[in-house]
Undergrad: 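To start, I am sharing the structure in question, which I have written as structure tokens.
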Amino acid sequence: MTLAPFGARLRQALDTRGQLCVGIDPHASLLSAWGLGDDLAGLETFSRTVVEALADRVAVLKPQAAFFERFGSKGVAVLEKSVEEARAAGALVLMDAKRGDIGSTMAAYAEAFLAPTSPLFSDAVTVSPYLGFGSLRPALDLAREQGCGVFALALTSNPEGAEVQRAVGADGEPVAASMLRQLAAENADAAPLGSFGAVVGATLADAGVDLAINGPLLAPGIGAQGATMADLPRVFGASVTNVVPSVSRDVLKHGPSVPALREAAERFVGEFADAVK
């Protein structure tokens, strides 16, 4: 059965569970802070605990695929289980894979995360459009067909990103603005929200581009990277209601206590609500 469009499902999740995306980022320092080994057993315990604590209450969980892939096929098996259990508990799963390629290779990446027959089937996936926006077509088309979403990197929270993203093309349009404009075209006439989003860092002093894409804006950089929920209205302006603020370390550092993880997530949901009043 084909899912309802991702944008509609995301809007409902944000409205009912609060606007927050929590990463599942089992990197070595967090595993150690939890008293776990940097090994498969630690990975399993970490991921299971995050899903248990948060999947039934936050709008979006965002596994970072690389932290599972570094353990090889057994790590990917843990990722598969985490995705399955998180979706079963009601969270939307955004696979943070940042894939990007052309032609049949891009199509294969899309099938890995957006085809219902895949064990990694997720509600949405992050992609890199810097082989040209048109290179994303296989992912965009499959996402639309299956009721999934795609988040394309536009203005990321790392300072090096500006080297490419702020560059100006031959037509005088900044690269990031071009990506956002084309995402807006993909979302034309969608209601209540388009399914094709952009990644725009909450750490930006000034976006300097039109963020009104009628789609979700994933905003990393809150917490450990220095941004706060109070910064979001300044960065995103009128589009702030479509922001999906992403927090990883500043929630995950409260584990392995399930109550503490839940309390941290609830605090960030409240901070966002206060910021946009």
Undergrad: Measuring from atom CG of Leu30 to atom CD1 of Ile24, what distance do you get when rounded to the nearest 0.5 angstrom?
TA: 12.0 Å
Undergrad: Under 4.5 Å between side-chain heavy atoms, counting indirect links through other Ile/Leu/Val/Met/Phe/Trp/Tyr residues: same cluster for Leu36 and Val51 or not?
TA: yes
Undergrad: Could you see if Leu131 belongs to whatever hydrophobic cluster contains Leu153? Use Ile, Leu, Val, Met, Phe, Trp, Tyr and a side-chain cutoff under 4.5 Å.
TA: no
Undergrad: Ion pair present between Arg99 and Glu111, side-chain N to carboxylate O less than 4.0 angstrom?
TA: no
Undergrad: Find the distance between CD (Gln146) and CG (Asp141) and round it off to the nearest 0.5 Å.
TA: 11.5 Å
Undergrad: With side chains defined as the heavy atoms from C-beta onward, is the minimum distance between Asn242 and Pro216 less than 4.5 Å?
TA: no
Undergrad: Starting from Leu3, can I reach Leu94 by hopping between I/L/V/M/F/W/Y residues whose side chains sit under 4.5 Å apart?
TA: no
Undergrad: Taking salt bridge (Lys or Arg N to Asp or Glu O under 4.0 Å) as the cut-off, I'd like each qualifying pair that reaches into residues 222-249, sequence neighbours left out, listed once.
TA: Asp231-Arg234
Undergrad: Can you measure from CD (Glu186) to CZ (Phe133) and round to the nearest 0.5 angstrom?
TA: 5.0 Å
Undergrad: Verify, without hydrogens or angle tests, whether Ser157 (side chain) and Gly201 (backbone) share a donor-acceptor contact under 3.5 angstrom.
TA: no
Undergrad: Among the clusters formed by ILVMFWY side chains lying less than 4.5 Å apart, do Tyr130 and Leu180 turn up in the same one?
TA: yes
Undergrad: Considering non-hydrogen atoms only, spot the tightest contact between Arg70 and Ala28 and give its length.
TA: NH2-N, 3.7 Å
Undergrad: Give the table of side-chain donor-acceptor pairs shorter than 3.5 Å for residues 269-276, with sequence neighbours excluded, one pair per line with atom names and distance.
TA:
from, atom 1, to, atom 2, distance (Å)
Asp274, OD1, Lys277, NZ, 3.3

Undergrad: When you measure from the side chain of Arg9 to the backbone of Ala4, do you find a donor-acceptor pair of N or O atoms at a distance under 3.5 Å?
TA: yes
Undergrad: Taking side chain as C-beta onward, heavy atoms only, is Leu211 less than 4.5 Å from Val200?
TA: yes
Undergrad: Applying side chain to side chain contact (heavy atoms under 4.5 Å, CB included), name anything that partners Ala177, two or more places apart in sequence or on another chain.
TA: Glu173, Pro174, Val209
Undergrad: Can you run down the ring-ring contact (aromatic ring centres under 6.0 Å, His included) pairs that involve residues 13-67, sequence neighbours left out, and say none if there aren't any?
TA: His27-Phe67, Trp34-Phe46
Undergrad: Within the distance-only criterion (no hydrogens, no angle test), does the side chain of Asp25 pair as donor or acceptor with the backbone N or O of Ser248 below 3.5 angstrom?
TA: no
Undergrad: Side chains of Gln12 and Thr16: any donor to acceptor distance under 3.5 Å?
TA: no
Undergrad: Which value, rounded to the nearest 0.5 Å, describes the distance between Leu193 atom CG and Leu14 atom CG?
TA: 8.0 Å
Undergrad: For Gln225 and Thr203, which I'm curious about, is there any donor-acceptor pair between the side chains at under 3.5 Å?
TA: no
Undergrad: Give the cluster check for Phe71 versus Leu79: same hydrophobic cluster or not, with ILVMFWY residues linked at side-chain heavy-atom distances below 4.5 Å.
TA: yes
Undergrad: Taking side chain to side chain contact (heavy atoms under 4.5 Å, CB included) as the test, write out the residues that go with Thr105, two or more places apart.
TA: Asp101, Tyr109
Undergrad: Answer yes or no: is there a side-chain heavy-atom contact under 4.5 Å between Arg144 and Ser195?
TA: no
Undergrad: Could you walk me through whether Leu217 and Phe236 satisfy the side chain to side chain contact (heavy atoms under 4.5 Å, CB included) test, starting with their C-alpha distance in whole Å, then the side-chain angles of each, then the deciding distance to 0.1 Å, before giving a yes or no?
TA: CA-CA 9 Å; Leu217 300 164; Phe236 292 92; 3.8 Å; yes
Undergrad: If you count the non-hydrogen atoms of other residues, nucleotides and ligands that lie under 6.0 Å from CD1 in Ile102, is the total more than 12?
TA: no
Undergrad: Between Arg181 and Asp210, is the closest basic N to carboxylate O distance under 4.0 Å?
TA: no
Undergrad: State which residue, out of Asn158, Asp96, Val199, fulfils the side chain to side chain contact (heavy atoms under 4.5 Å, CB included) condition with Pro220.
TA: Val199
Undergrad: For the residue pair Ala110 and Ala139, what are the closest heavy atoms and their distance?
TA: CB-CA, 3.7 Å
Undergrad: Quick check on Asp189: does its CG atom have over 12 non-hydrogen neighbours (other residues, nucleotides or ligands) under 6.0 Å away?
TA: no
Undergrad: What's the shortest heavy-atom distance between Val243 and Ala219, and which atoms?
TA: CG1-CB, 3.8 Å
Undergrad: Carefully, step by step, assess Phe268 and Ile222 under the rule side chain to side chain contact (heavy atoms under 4.5 Å, CB included).
TA: CA-CA 10 Å; Phe268 278 108; Ile222 295 167; 4.2 Å; yes
Undergrad: Side chain of Thr126, backbone of Lys98: donor and acceptor closer than 3.5 Å?
TA: yes
Undergrad: Test your reading of the model: is there a side-chain donor-acceptor pair from Asn187 to the backbone of Ala190, 3.5 Å cut-off?
TA: no
Undergrad: Where the side chain of Thr45 meets the backbone of Ala41, is there a donor-acceptor pair that is under 3.5 Å apart?
TA: yes
Undergrad: Return the minimal non-hydrogen interatomic distance between Met229 and Val247, and the atom names on each side.
TA: CE-CG2, 4.3 Å
Undergrad: After noting the C-alpha distance and the side-chain angles of Glu44 and Asp39, does the key distance pass the side chain to side chain contact (heavy atoms under 4.5 Å, CB included) rule?
TA: CA-CA 9 Å; Glu44 290 177 317; Asp39 51 25; over 6 Å; no
Undergrad: When you measure from the side chain of Arg17 to the backbone N and O of Val58, does any donor-acceptor pair fall under 3.5 Å?
TA: yes
Undergrad: Could you tell me if the side chain of Leu61 sits less than 4.5 Å from the side chain of Cys21, heavy atoms only?
TA: no
Undergrad: Does any N or O in the side chain of Ser118 come within less than 3.5 Å of the main-chain N or O of Ala112, such that one atom is a donor and the other an acceptor?
TA: yes
Undergrad: So which atom in Pro245 and which in Leu232 form the shortest heavy-atom distance, rounded to 0.1 Å?
TA: CB-CD1, 4.0 Å
Undergrad: Could you tell me whether a side-chain N or O of Ser122 sits under 3.5 Å from a main-chain N or O of Ala124, the two making a donor and an acceptor?
TA: no
Undergrad: Any side-chain heavy atom of Val50 within less than 4.5 Å of one from Leu252?
TA: yes
Undergrad: So, do Leu54 and Asp56 sit near enough that their side-chain heavy atoms are less than 4.5 Å apart?
TA: no
Undergrad: Less than 3.5 Å apart, any donor N or O on the side chain of Gln165 or Thr156 sitting next to an acceptor on the other?
TA: yes
Undergrad: Evaluate salt bridge (charged side-chain N to carboxylate O under 4.0 Å, His left out) for Glu85 paired with Lys81, printing each intermediate quantity in order.
TA: CA-CA 6 Å; Glu85 292 180 349; Lys81 189 68 171 176; 3.8 Å; yes
Undergrad: List the atom pairs, donor and acceptor, that lie under 3.5 Å between side-chain atoms in residues 254-266 and the rest of the protein, sequence neighbours left out.
TA:
from, atom 1, to, atom 2, distance (Å)
His254, NE2, Asp250, O, 3.4
Ser257, OG, Ala260, N, 3.1
Arg262, NE, Ala53, O, 2.9
Arg262, NH2, Glu52, O, 3.2

Undergrad: Looking only at non-hydrogen atoms, find the nearest pair between Leu183 and Ala198 and report the distance.
TA: CD1-CB, 3.7 Å
Undergrad: I need the Phe68 CZ to Ser82 OG distance, nearest 0.5 Å.
TA: 4.5 Å
Undergrad: Drop me the distance from Leu114's CG to Cys148's SG, to the nearest 0.5 angstrom.
TA: 5.0 Å
Undergrad: Just so I know, are the side chains of Phe196 and Ile213 near enough to count as touching, which here means a heavy-atom distance under 4.5 Å?
TA: no
Undergrad: Can you check side chain to side chain contact (heavy atoms under 4.5 Å, CB included) on Asp123 and Arg87, steps first, answer last?
TA: CA-CA 8 Å; Asp123 296 284; Arg87 296 188 73 237; 3.0 Å; yes
